[in-house]
Enquirer: 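Just dropping this structure here.
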Amino acid sequence: MASFFDNRAVWWALALGALAGVRIWTMALSGVAQLPHIMGALTLLVPLVVFALLIRRIWPAAAGLVIVVIIELSLL
């Protein structure tokens, strides 16, 4: 069994989580999203990325990114 850091899904999950975090950060800086939207996005993103790391699969982190994009598009 591969170690935790040798698993590609772990690195992909971290990368997708970071990408979603950057999208949330830019929504906050540009003024598109207010505090409730930012907190809602983080409330969904963080547990999904942690769950992806625990099960060593990429799909929960990808779902988190998709949810953040949907929140961003709903604000435009």
Side-chain angles (χ1 to χ4, degrees):
M1 184 171 174
S3 75
F4 185 75
F5 294 111
D6 291 337
N7 194 344
R8 277 191 200 175
V10 169
W11 292 108
W12 275 106
L14 288 172
L16 289 175
L19 178 63
V22 167
R23 291 189 73 98
I24 293 171
W25 185 261
T26 57
M27 283 191 306
L29 288 180
S30 66
V32 172
Q34 298 298 321
L35 184 63
H37 303 104
I38 296 166
M39 295 307 293
L42 288 174
T43 300
L44 292 171
L45 177 66
V46 172
L48 285 173
V49 171
V50 170
F51 182 60
L53 294 176
L54 288 175
I55 66 171
R56 297 182 186 182
R57 299 285 186 254
I58 192 173
W59 64 267
L65 177 62
V66 168
I67 290 169
V68 168
V69 169
I70 289 171
I71 290 171
E72 182 180 9
L73 290 176
S74 69
L75 296 172
L76 297 178

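Count residues from 1 along the sequence. Remember, it's a predicted structure, so these values are computed and weren't measured experimentally.
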Enquirer: Would you tabulate the side-chain donor-acceptor contacts of residues 8-20 under 3.5 Å, counting partners in other chains and residues two or more places apart, or write 'none'?
Expert:
{"from": "Trp11", "atom 1": "NE1", "to": "Phe5", "atom 2": "O", "distance (Å)": "2.6"}

Enquirer: For residues 29-50, dump all side-chain donor-acceptor pairs below 3.5 Å to protein atoms at least two apart in sequence or in another chain.
Expert:
{"from": "Ser30", "atom 1": "OG", "to": "Thr26", "atom 2": "O", "distance (Å)": "2.9"}
{"from": "Ser30", "atom 1": "OG", "to": "Met27", "atom 2": "O", "distance (Å)": "3.3"}
{"from": "His37", "atom 1": "ND1", "to": "Gln34", "atom 2": "N", "distance (Å)": "3.4"}
{"from": "Thr43", "atom 1": "OG1", "to": "Met39", "atom 2": "O", "distance (Å)": "2.6"}

Enquirer: Please collect all salt bridge (charged side-chain N to carboxylate O under 4.0 Å, His left out) contacts where either partner lies in residues 67-76, sequence neighbours excluded, each pair once.
Expert: Arg23-Glu72

Enquirer: Is it true that Leu76 and Ile70 fall in one hydrophobic cluster, defined by side-chain heavy atoms closer than 4.5 Å?
Expert: no

